[in-house]
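Predicted, not measured: the structure shown is a model, and the values here were computed from it.
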Amino acid sequence: METDSEPYVRLASLRQLHQAMADMNKARSLADTLQAVADGVVQALNYELACVNLVGPDGDLVVAAFAGNPAAEALITGRSGSRASWDRRLNMGEQWGDLIFIPHTEGWVLDDDDVPQWYTDGPAPRFEDEWHPSDRLFAPMYAPGPQGGGNSGELIGVLSVDRPRNGRRPGAWGREALQMYAFQAAIAISNARLRSNMQRALVRLERDQQALRASEESFRQAFEYAPSGMAIAEMGGDQHGRILRTNDALCRLLGRRASAMRRYAFSDLVHPEDIGTLLRTSAEGGRAELRLCRRDGTYVWVSLRNSVVADAADGPRFLLTHVEDIEERKRRELQLAHRASHDSLTGLPNSAELRSRLAARLCQRPQSSHAAVADAMDAAYGHSAVFDSGGHTFDFGGSVEPYGAFDHHVHAVAPQDGRDDGAKGLAVLFCDLDGFKSINDRFGHNAGDAVLIEVARRLSGGVRDGDTVARLGGDEFVILANGLGRADAQDLAVRLRNEIIQPIRAEGRAVRVGASFGIGWAHCGMTADEVLKSADERMYVEKRSRPKQHRRAG
């Protein structure tokens with residue numbers, strides 16, 4: 001082992017080398033492996049000093065382990081040398097297989113570079129293979145390549161050794177042993193790195209799993225104990241929208257058990273009139289206000305807010321729906337809307353609501369002049385006609401071009417005066433109370449209010465479902481009744497008048513009022529105000545035509 005002509009290798013030396021390799025392969029951490037590599041060079045290969053220079057993330061080599069001299073270890077451990085300086089070392093000197101030997105006669109040029117080093121001066125060699133203190137010997141370590149060759153992979157570090165204990169440059173066996181040791185050290189270091197990375201990955205995985213469990217528990221508690229309703233439903237596929245999970249708040253809101261809720265989708269629970277709203281609601285961030293069915297068959301107004309939740313592997317996506325009870329708010333909104341559109345005293349639709357309902361039935365046709373409106377009902381009468389505000393017709397003979405804007409509109413038509421042709425239209429009955437002012441003057445406004453409330457009740461009870469009874473203002477009321485002929489409208493006016501003239505209890509006494517009715521007809525081309533004006537004028541004609549004693553009642 002001391003010269004190239006070593007006649008044999010001692011069995012003890014082989015055992016030491018085997019033990020050094022075993023120690024570095026069974027080290028528990030990367031740091032322990034690096035130190036075992038350095039210690040093995042000293043203990044098994046009989047060098048006085050050994051240094052492990054490890055390639056770092058930036059490509060430079062850092063002194064990761066040192067053995068043989070505590071003073072030198074304290075001085076250079078942790079220091080780094082640039083990759084360029086190391087490449088210079090590995091490309092000069094003598095090639096001993098995979099080893100690099102730089103004799104002291106050449107190494108002096110490296111004394112001032114940035115690679116950490118420990119050396120001492122000494123006398124010139126006395127014989128050819130004597131080791132000089134400035135001699136340098138490096139064993140590069142390469143990551144195992146695909147073919148398992150010694151230097152077929154990436155450089156992971158360099159073993160630098162110094163001062164063989166026999167004072168001589170290593171012979172053939174010594175070089176082979178160091179080269180083989182460096183190869184095994186590279187494998188041990190690579191494996192240690194893999195174990196270290198795996199351990200770090202396992203730690204991160206466990207930390208992530210703990211965070212996930214904590215997050216899931218937080219979500220579960222937030223879901224289960226949320227003060228408002230929460231539901232998880234399937235997203236996509238044949239079972240899209242099917243409810244998978246609900247919290248207690250939603251079950252209480254709908255009066256249903258959680259097990260029963262899993263048999264439904266939201267489309268099964270929504271009010272039929274709100275199905276369109278639900279279908280138009282976006283799955284991702286969509287909001288909607290609609291009604292859901294309780295177990296007892298009643299409906300509750302809710303606000304739905306959707307969000308999409310994907311599992312950790314981007315697998316199936318689920319729909320998380322937040323359900324907030326807005327019944328009270330909706331009730332207030334409806335009350336406000338009702339107050340805005342209804343008379344506060346009688347509860348009937350007010351003047352604005354009446355005009356809105358009437359205008360919704362009428363389409364405005366273009367006029368050839370300010371006094372004539374083209375009629376769209378050529379087919380009904382066999383000729384073109386224009387109606388004035390009183391419902392009278394004037395024949396113009398020719399034809400009127402159809403207006404495509406109203407192709408899908410059901411035109412309101414007025415029956416003709418003096419003809420019983422069975423035509424039916426939208427009758428507008430304008431009602432004005434007779435003798436109401438005297439009640440206010442004699443008995444006060446409370447009595448007057450009581451009369452108005454009772455008249456409103458009698459008018460509402462005397463019309464069909466779907467007809468409109470509205471208070472226009474003061475003691476004026478209007479009835480909209482669709483699908484009536486002229487005789488039907490007259491009969492309705494008589495019946496309502498007979499109801500109104502019955503005695504009314506007001507402020508502890510019985511009082512009576514009369515009523516005058518004017519019947520107008522709404523048809524397309526007229527405005528709501530024109531229709532009401534027509535009925536109002538006919539009411540005054542009717543009022544003036546009746547004897548005074550028949551118009552008033554005390």
Side-chain angles (χ1 to χ4, degrees), residues 331-358 427-481 489-520 528-529 531-533 535-554:
R331 183 180 293 110
R332 290 196 300 269
E333 290 177 357
L334 293 174
Q335 289 174 348
L336 290 174
H338 187 272
R339 290 173 185 171
S341 61
H342 287 71
D343 176 51
S344 59
L345 177 64
T346 63
L348 296 178
N350 59 18
S351 175
E353 178 67 10
L354 170 67
R355 285 173 166 81
S356 175
R357 295 187 186 186
L358 183 54
V428 180
L429 283 68
F430 198 107
C431 172
D432 181 79
L433 299 183
D434 300 326
F436 177 75
K437 184 176 182 301
S438 63
I439 293 177
N440 264 343
D441 294 341
R442 292 173 58 189
F443 307 119
H445 289 287
N446 287 342
D449 289 347
V451 169
L452 293 175
I453 292 172
E454 179 60 20
V455 168
R457 186 190 68 79
R458 293 180 182 183
L459 288 174
S460 298
V463 299
R464 303 165 302 176
D465 292 340
D467 292 343
T468 295
V469 178
R471 183 186 178 196
L472 193 61
D475 59 349
E476 296 177 336
F477 297 84
V478 174
I479 297 93
L480 303 181
Q490 292 290 349
D491 290 344
L492 177 60
V494 171
R495 285 191 289 105
L496 295 178
R497 182 184 295 114
N498 291 336
E499 286 291 329
I500 292 174
I501 64 176
Q502 301 301 317
I504 298 174
R505 296 293 300 180
E507 294 293 300
R509 58 177 56 85
V511 297
R512 301 180 68 176
V513 292
S516 297
F517 283 85
I519 303 174
D529 286 336
V531 174
L532 294 175
K533 180 180 179 183
D536 186 25
E537 290 173 348
R538 288 173 176 266
M539 182 274 298
Y540 276 107
V541 170
E542 196 268 350
K543 184 186 287 283
R544 288 192 295 268
S545 67
R546 293 168 52 215
K548 184 175 181 181
Q549 63 269 25
H550 290 239
R551 287 188 278 117
R552 299 189 57 182

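Glu333 CD to Gln335 CD: the interatomic distance, rounded to the nearest 0.5 Å, is 10.5 Å. A distance of 7.0 Å separates CD1 in Ile439 from CD1 in Ile504, rounded to the nearest 0.5 Å. Taking CZ of Arg495 as the start and CD1 of Ile500 as the end, the distance is 12.0 Å to the nearest 0.5 Å. Rounded to the nearest 0.5 angstrom, Arg497 CZ and Leu459 CG are separated by 11.5 Å. Distance check: Asn440 CG to Asn446 CG gives 9.5 Å after rounding to the nearest 0.5 Å. The structure places NE2 of His338 at 9.0 Å from CD of Glu353, a figure rounded to the nearest 0.5 Å.
Taking Ser460 as the reference, Leu348, Val469 meet the side chain to side chain contact (heavy atoms under 4.5 Å, CB included) condition, with sequence neighbours excluded. Not a single side chain to side chain contact (heavy atoms under 4.5 Å, CB included) links Asp491 to another residue, sequence neighbours left out. Looking at residues two or more places apart in sequence or on another chain, you find a side chain to side chain contact (heavy atoms under 4.5 Å, CB included) between Val541 and Arg544. In terms of the side chain to side chain contact (heavy atoms under 4.5 Å, CB included) criterion, residue partners of Gln490 (sequence neighbours excluded) are, by chain and number, Ile519.
Under the 3.5 Å distance criterion, with hydrogens and angles disregarded, no donor-acceptor pair is assigned to the side chains of Asp432 and Ser516. For Arg357 and Thr468, the side-chain atoms include at least one donor-acceptor pair closer than 3.5 Å.
Each of Asn350, Thr346, Asp343 was scored for a side chain to side chain donor-acceptor pair (under 3.5 Å) with Arg471, with one residue passing: Asp343.
Nearest heavy-atom pair across Gly520 and Ala535 is N-CB, 3.8 Å. Nearest heavy-atom pair, Ala481 versus Leu492, reported as atom, atom and distance to 0.1 Å: CB-CD2, 4.1 Å. Across Gly514 and Ile501, no two heavy atoms sit closer than the pair CA-CG2, 4.0 Å. Between Ala506 and Val451 the shortest heavy-atom distance is CB-CG2, 4.3 Å. Nearest heavy-atom pair, Ala456 versus Phe477, reported as atom, atom and distance to 0.1 Å: CB-CE2, 4.3 Å.
Residues Arg538 and Glu542 are not paired through a salt bridge, judged by the lack of any N-O separation under 4.0 Å between the basic side chain and the carboxylate.
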side-chain contact (heavy atoms from CB on, under 4.5 Å) evaluation trace for Leu532 with Arg355 = CA-CA 9 Å; Leu532 294 175; Arg355 285 173 166 81; 3.9 Å; yes
Could you check Arg442 against Val511 for side-chain contact (heavy atoms from CB on, under 4.5 Å), going step by step and ending with a plain yes or no?
-> CA-CA 11 Å; Arg442 292 173 58 189; Val511 297; over 6 Å; no
Report the C-alpha separation of Ile479 and Val428 in whole Å, then their side-chain angles, then the decisive distance to 0.1 Å, and conclude whether the side-chain contact (heavy atoms from CB on, under 4.5 Å) test is met.
-> CA-CA 6 Å; Ile479 297 93; Val428 180; over 6 Å; no
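Listed by first and then second residue, the salt bridge (charged side-chain N to carboxylate O under 4.0 Å, His left out) pairs that reach into residues 444-466 are Glu454-Arg457, Glu454-Arg458, Arg464-Asp467, sequence neighbours excluded. Annotation: side-chain hydrogen bond (donor to acceptor under 3.5 Å, both in side chains) contacts involving residues 498-508, sequence neighbours excluded, are absent.
Taking 4.5 Å as the limit, some side-chain heavy atom of Phe436 sits within range of a side-chain heavy atom of Leu452.
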